[in-house]
Structure formats: structure tokens, C-alpha cells
Amino acid sequence: MISRVVFNKKGGVGKTTITCNLAAISASSGKKTLVIDLDPQANTSQYLMNNRYNEIKKEGCTVLDFYKASLDSGSAFVFNPFFFPNTPALKTESFIHETKFENLYLIPSHPDLADIESQLANKHKIYKLKEMIEKFTDYEAVFIDTPPAMNFFSQSALIAASRCLIPFDCDAFSKDAIFDVGKHIGDIQNDHNHDLVVEGIIVNQYMSRANYPQKVIKDLQEEGIPILSSKISSSVKIRESHHESIPMIYLNPRHKVTQEYEALYNEIN
């Protein structure tokens, strides 16, 4: 199983869109694929589940409930009835939901996730996500979407994953932030996850005819930053994909952006 985290401290660089579209291509290729949404904004959850997401939140089967279970019982996988006789057994499968797309599954996020972050950090639950993912032996691919911050949840994802993708849009602020992101990832590699491999930078919202993006990419490459060859163009079709809650591979398989995502998927696999 390959587990990938899509991470950048900067917001608006396309983490959710990249996570969902790569996962959808993985699923459409026949791989049993799981997406884990760790961003309290829950955009990934809404993208893949649409109106069903609101029902799931009410049912109490989100990543928030997974972490609450870890706080309440000391075990995120099955409550111990000896110590907690009034707590029903709750397994990790309870948090996984089928999407309407074949082979594609989701552990959705929740807006209240940030409210328990300090409790999780204080009780040293940073490895709980990794422990959970290691239980999913029947999945061939896992994709983790993260919040735009180097917080407990992003750190948990970087510790749990085997590979990391960094979305990037070609502006000066993103360029400056890349080096900071690299330092944080390096710290995680050194202290918690020696096996984490940074696959590269994904250039998103790319404008091939503009001079400035070319200059920014060249500057980063000269600094030794690994830029992936496949780039994702800016397109209004992505907005339609968000609105319809349908990843591009299902919405329009022949579209230019879909083909770019497929090229990106093939490059990293």
C-alpha cells in the first residue's frame, strides 16, 4: 500500500483538488483507494460526498469521532469493555464511507476537528493516524488531505504517510514558503518518519504562456527543488467539477486538465 500526504502550509494552492483527482484516477484504474480528510474546512469531504456529507456528520462517523475515540478510551480501534463497560465497540471501519465512485472510499473531516487539537497533542496522539492506516491492509492507495498549517493534523499525516506531494502555485509568496515547508518536512523525516519520500512539487494553476511562472520554476530548479514534470493548468472546468462534486476523470475524461492529472498520476506511480 502507498500512502500519500498532500501538504503545503499555504492555502489556496490546490491541495483538495489534487488529492481528490489523483485518488479518483487511482480508483478508476481499479485500485481500492481511501481518502482521509484532515482539514476542518472539509472541502475534500464535500467534493467526494456532496449532500451525503451533512448526514455523515450527524451520524458521528468522521475523523473527529476517530480522534475522540482515541481520547476517550486510549485506543482508537476497539474500545476495551473491561475498562469502559458502557462504551460500545467501535472499529476503524465505522469511519470509512463508500463514495458513489467505484473503489473510492472516504474518512470525512468535521468542522470541530480543530477544537480537540490541543487535547490530542497533550495526550501524545500524534501516531494514532499512522496506527490506523497500518490496519488498512486491503487498500492499495491512501491519499491524505491536510489543513494549510503545520499543526497536529498535518504532522500526523506526514508521520503516517510514505510519500509526500507539495502543491505550488507560481507566485512570490508560494516560492518563499516552499523552503519553509521543506524544513518542516525535513524535521518530520529526521525525528519521526525516516521512510517519508518527497515525490516533488506539483505546479498547479499553471499558465504556460506567461513568463513569470517559467522564471519561478527555473529559480526553484536551480535551488535544487524537485519539480514534477507534469503540471496542472488553470481551468474553469475545475470549478464545475467542484460544483458538481465529480472529479475530472468522471466528469470529463478527455478534458485537457484530466489528461494532465493522468500524466501526473503516471509520473508518480
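These numbers come from a predicted model, not from an experiment.
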### Task
Apply salt bridge (Lys or Arg N to Asp or Glu O under 4.0 Å) to Arg52 and list each qualifying residue two or more places apart in sequence or on a separate chain.
none

Looking only at heavy atoms, which two atoms of [X] and [Y] are closest? And how far apart?
| X | Y | result |
| --- | --- | --- |
| Ile246 | Leu251 | CG2-N, 3.5 Å |
| Leu196 | Gln189 | O-NE2, 2.8 Å |
| Ser26 | Thr33 | OG-OG1, 2.7 Å |
| Asn50 | Glu244 | ND2-O, 4.3 Å |
| Asp37 | Asp39 | OD1-N, 3.1 Å |

### Query
Could you give the distance from CD1 (Ile56) to OG1 (Thr62), rounded to the nearest 0.5 Å?
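One gets 9.0 Å once the value is rounded to the nearest 0.5 Å.
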
### Point-to-point distance, once rounded to the nearest 0.5 Å, from CG of Leu120 to CG of Asp115
11.0 Å

### Query
Looking at Glu55 and Lys58, does any basic side-chain N land under 4.0 Å from a carboxylate oxygen?
no

Counting only heavy atoms from other residues, nucleotides and ligands, does the tally under 6.0 Å from [atom1] of [X] exceed 12?
| X | atom1 | value |
| --- | --- | --- |
| Lys100 | NZ | yes |
| Glu134 | CD | yes |
| Asp191 | CG | yes |
| Glu102 | CD | no |
| Asn122 | CG | yes |

Mind checking whether [X] and [Y] have side chains closer than 4.5 Å, heavy atoms only?
| X | Y | answer |
| --- | --- | --- |
| Asn54 | Lys57 | yes |
| Glu260 | Tyr206 | no |
| Glu199 | Ile268 | yes |
| Ile18 | Leu22 | yes |
| Tyr67 | Gln119 | no |

### Task
Start with the C-alpha distance between Ser230 and Tyr265, add both sets of side-chain angles, then the distance that settles side-chain hydrogen bond (donor to acceptor under 3.5 Å, both in side chains), and finish with yes or no.
CA-CA 9 Å; Ser230 305; Tyr265 178 82; over 6 Å; no

### Task
List for me each residue that meets side-chain contact (heavy atoms from CB on, under 4.5 Å) alongside Ser234, sequence neighbours excluded, and say none if there are none.
Gln205

### Task
Apply side-chain hydrogen bond (donor to acceptor under 3.5 Å, both in side chains) to Asp145 and Thr16, showing your working.
CA-CA 6 Å; Asp145 191 18; Thr16 292; 2.8 Å; yes

### Query
Under the 3.5 angstrom rule, does the side chain of Thr146 hit a backbone N or O of Val6 as a donor-acceptor pair?
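Looks like yes, one N/O pair under 3.5 Å.
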
### Message
Has Asn204 got a side-chain atom pairing as donor or acceptor with Pro167's backbone, closer than 3.5 angstrom?
### Response
no

### Message
I'd like to know whether Asn21 forms a side-chain hydrogen bond (donor to acceptor under 3.5 Å, both in side chains) with Tyr47, so could you lay out the CA-CA distance, the side-chain angles of the two residues, the decisive distance to 0.1 Å, and finally the verdict.
### Response
CA-CA 10 Å; Asn21 279 279; Tyr47 193 178; 3.2 Å; yes

